[in-house]
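First the structure, in the form of structure tokens, and then the observations on it.
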2 protein chains.
Amino acid sequence: MNRVGTQKKILDAAELLFSESGYYSTSLREITAKAGVNVAAVNYHFGSKEALLDNVLERRLAPLNKLRLQMLDAVCAEAKDRGRRPSVKALMHAFIAPTIGFRDSDAGSKNFVALVGRAISEPSGTVQRSFFKFMEPFITVMIDSLHEALPDLPAELLLLRFHFSVGTLVHILRANNGAGLPEQRCMAGDRAKHKERKKGYEEPKAITTATLVDEAVNFVTAGMEA
Amino acid sequence: MNRVGTQKKILDAAELLFSESGYYSTSLREITAKAGVNVAAVNYHFGSKEALLDNVLERRLAPLNKLRLQMLDAVCAEAKDRGRRPSVKALMHAFIAPTIGFRDSDAGSKNFVALVGRAISEPSGTVQRSFFKFMEPFITVMIDSLHEALPDLPAELLLLRFHFSVGTLVHILRANNGAGLPEQRCMAGDRAKHKERKKGYEEPKAITTATLVDEAVNFVTAGMEA
DNA sequence: CTTTAATTCAAACATCTGTTTCAATCGTAC
DNA sequence: GTACGATTGAAACAGATGTTTGAATTAAAG
């Protein structure tokens, strides 16, 4: 086993288990067991559990953030060429589409998006610190662009509504865990009961990634411009 | 010390610490230390840590859910009297206003809303199970009412958009932790950098609970009707 | 083949976890 | 005041946690 083999096995196992159970509820022994390596390997290759989390996040977040920034720059550049302001919808698309669509780019990415959704809501400390370290550069540019797109919206309202939008996206990612569809558990129960009461009720159709992205973009765009 | 005194002290301490650090990251010894009682008191009065969480949630969620259902029923009843469908905005107000406004109703409630925001995002298992047990009755009625308000919106889109709305609310509650304002940490850093770059940038004004509720209701209403 | 460094492994480390035990204490009814 | 059930307290429980150790193994270089 060379170095990179063991490291990758640990990263993959940690990514999966963190996304399933969260950072604090996943033990190093579970991770190393699933990876098929010794417990000491984590501290040997990464230094600590927290450093492992950093590496798990960075491996995926670095290319994702690059992609998001590219799309954001493209939107702003195209708007500038036309001498117009960027549209809220295009900005929100650059924010949401790469993030949600990321899960289709790689087998392990599906686990990762759930991990990201969970990271932002995990108790303050380790996870949030690691996460925001990677997110901050993008958010800075995003808010600047939104100010250009909505010059008449007061700063505090713009920040507040963007805050709402982040909440929407995070919730999508979090629920994205298993099937990749918005089948969060409260609704599963509801739907059954609803079905009993209403006649002629049709089971809702499955929702593709493309529809999910479109609907999410429409939802937050309408909210931003409300 | 009589029974209820000790029980209340434990519930208050657990509510605060759970909301700060989450369920899994809070130990019984931290709770009992803050409450000024013996470690054994938790198991004596509640049976287990999980049962303690149930009691923490139930103490606040029972009256809150009652209030939300009352408001929802009032909205639907008034609409029926006028022979009209309930408005999405009124429904969303019944969903959001009591939840956010709850933090002003009691000194400890401020901690509780953050706990609720965190509960829904905590790794599946204990916390989610306890939480949805209390939430389900309300959600069922809510979705039925939304179907009445938006009869032309396909079921899968309605569920999806309500899913988005829940994400927005949860994110608000989660960030609601300290000051009670949407001052999430990523934006604190952004704002500083943004301030440097833009001339004539004005620091955003503080946002009151009433504004927060109004903006949140407008945001999700616009999204639902998009 | 020998040497040398990198890596793996089983075992132990100290610490923390939720829970239990059982004697000491408290409040109350007789 | 005495007896009795409810409550508290200090201590210990068994198990899990992240981390460290030092010898064994592997891979590459001379």
Side-chain angles (χ1 to χ4, degrees), chain A residues 1-58 115 118-119 122-130, chain B residues 1-58 115 118-119 122-130:
Chain A
M1 321 272 181
N2 55 8
R3 170 184 350 203
V4 339
T6 299
Q7 282 184 332
K8 185 180 184 319
K9 280 193 283 186
I10 294 174
L11 286 174
D12 289 343
E15 179 177 79
L16 176 60
L17 292 173
F18 284 162
S19 75
E20 283 176 355
S21 310
Y23 174 75
Y24 293 105
S25 302
T26 304
S27 72
L28 287 184
R29 282 170 179 81
E30 292 177 83
I31 294 171
T32 52
K34 183 174 263 300
V37 304
N38 190 273
V39 211
V42 168
N43 284 275
Y44 176 74
H45 286 288
F46 298 99
S48 68
K49 187 186 181 186
E50 182 166 350
L52 171 62
L53 173 68
D54 262 39
N55 279 270
V56 168
L57 290 177
E58 182 164 28
L115 170 58
R118 201 174 302 298
E122 202 122 11
S124 44
T126 309
V127 192
Q128 283 207 2
R129 207 175 323 117
S130 297
Chain B
M1 320 273 182
N2 56 4
R3 170 184 351 207
V4 339
T6 300
Q7 282 184 330
K8 183 178 185 321
K9 278 194 283 185
I10 293 174
L11 286 175
D12 290 342
E15 179 177 79
L16 176 60
L17 292 173
F18 284 161
S19 75
E20 283 176 354
S21 310
Y23 174 74
Y24 294 105
S25 302
T26 304
S27 73
L28 288 183
R29 283 172 176 80
E30 294 176 82
I31 295 172
T32 51
K34 184 174 263 297
V37 305
N38 191 273
V39 211
V42 168
N43 284 278
Y44 176 76
H45 285 289
F46 298 98
S48 69
K49 188 186 180 184
E50 182 166 347
L52 171 62
L53 174 68
D54 262 38
N55 279 269
V56 168
L57 289 177
E58 183 163 26
L115 170 59
R118 199 173 302 296
E122 203 126 11
S124 45
T126 308
V127 190
Q128 283 207 2
R129 205 173 327 116
S130 295

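Atoms considered below: every heavy atom in the structure, side chains included; atoms not considered: hydrogens, waters and symmetry mates. Below, chains carry the letters A, B, ... as their sequence lines are ordered, and counting in each starts from 1.
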Measure across [X] and [Y] and return the closest heavy-atom pair with its distance rounded to 0.1 Å.
X	Y	value
B:Thr26	B:Leu17	OG1-O, 3.3 Å
A:Val42	A:Ser48	CG1-O, 4.3 Å
A:Ser25	A:Ser21	CB-O, 3.2 Å

Between atom [atom1] of [X] and atom [atom2] of [Y], what is the distance when rounded to the nearest 0.5 Å?
X	Y	atom1	atom2	result
B:Gln7	B:Asn55	CD	CG	7.5 Å
B:Ile10	B:His45	CD1	NE2	5.5 Å
B:Ile31	B:Leu52	CD1	CG	5.5 Å

Please check: side-chain N/O of A:Ser19 versus main-chain N/O of A:Leu16, any donor-acceptor pairing under 3.5 Å?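 Yes; at least one donor-acceptor contact below 3.5 Å.
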Got a donor-acceptor contact below 3.5 angstrom from the B:Tyr24 side chain to the A:Tyr23 backbone?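 A pair under 3.5 Å: no.
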With heavy-atom distances below 4.5 Å as the criterion, would you say the side chains of B:Phe46 and B:Leu11 are in contact?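 Yes. Closest side-chain heavy atoms under 4.5 Å.
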Could you state the [atom1]-[atom2] distance from [X] to [N], rounded to the nearest angstrom?
X	N	atom1	atom2	answer
B:Glu50	C:dT19	CD	C1'	14 Å
A:Leu28	D:dG18	CG	C1'	6 Å
A:Lys49	D:dT19	NZ	C1'	12 Å
B:Leu52	C:dT17	CG	P	15 Å
A:Ile31	D:dT17	CD1	C1'	12 Å
A:Glu30	D:dT17	CD	P	6 Å
A:Leu53	D:dG18	CG	C1'	15 Å

Sort me out a list of protein N/O and nucleotides 13-16 of chain D N/O pairs below 3.5 Å, or just none if empty.
none

For a quick check of understanding: with a heavy-atom distance under 4.0 Å over all strands, which category does B:Thr26 fall into, base, sugar-phosphate or nothing?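 Sugar-phosphate only.
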Residues pairing under side-chain hydrogen bond (donor to acceptor under 3.5 Å, both in side chains) where one sits in residues 28-40 of chain A, two or more places apart or in two chains, turn out to be A:Ser27-A:Glu30
Not counting sequence neighbours, list each pair that qualifies as a salt bridge (charged side-chain N to carboxylate O under 4.0 Å, His left out) and has a residue in residues 10-19 of chain B. B:Lys8-B:Asp12, B:Asp12-B:Arg59, B:Glu15-B:Arg59, B:Glu15-B:Arg60
Mind listing the residues from residues 33-44 of chain A sitting with a heavy atom below 4.0 Å of DNA chain C? Number order is fine.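 Contacting residues: A:Asn38, A:Ala40, A:Tyr44.
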Is any side-chain N or O of B:Thr6 closer than 4.0 Å to OP1 or OP2 of D:dT8?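 So the side chain of B:Thr6 is within the cut-off, an N or O lying under 4.0 Å from OP1 or OP2 of D:dT8.
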Tell me whether the OP1 or OP2 atom of C:dT8 has a side-chain N or O from A:His45 closer than 4.0 Å. yes
As a check of understanding: the bend across the helix from C:dC1-D:dG30 to C:dC30-D:dG1, end axes from five pairs, rounded to 10 degrees, works out to 0°
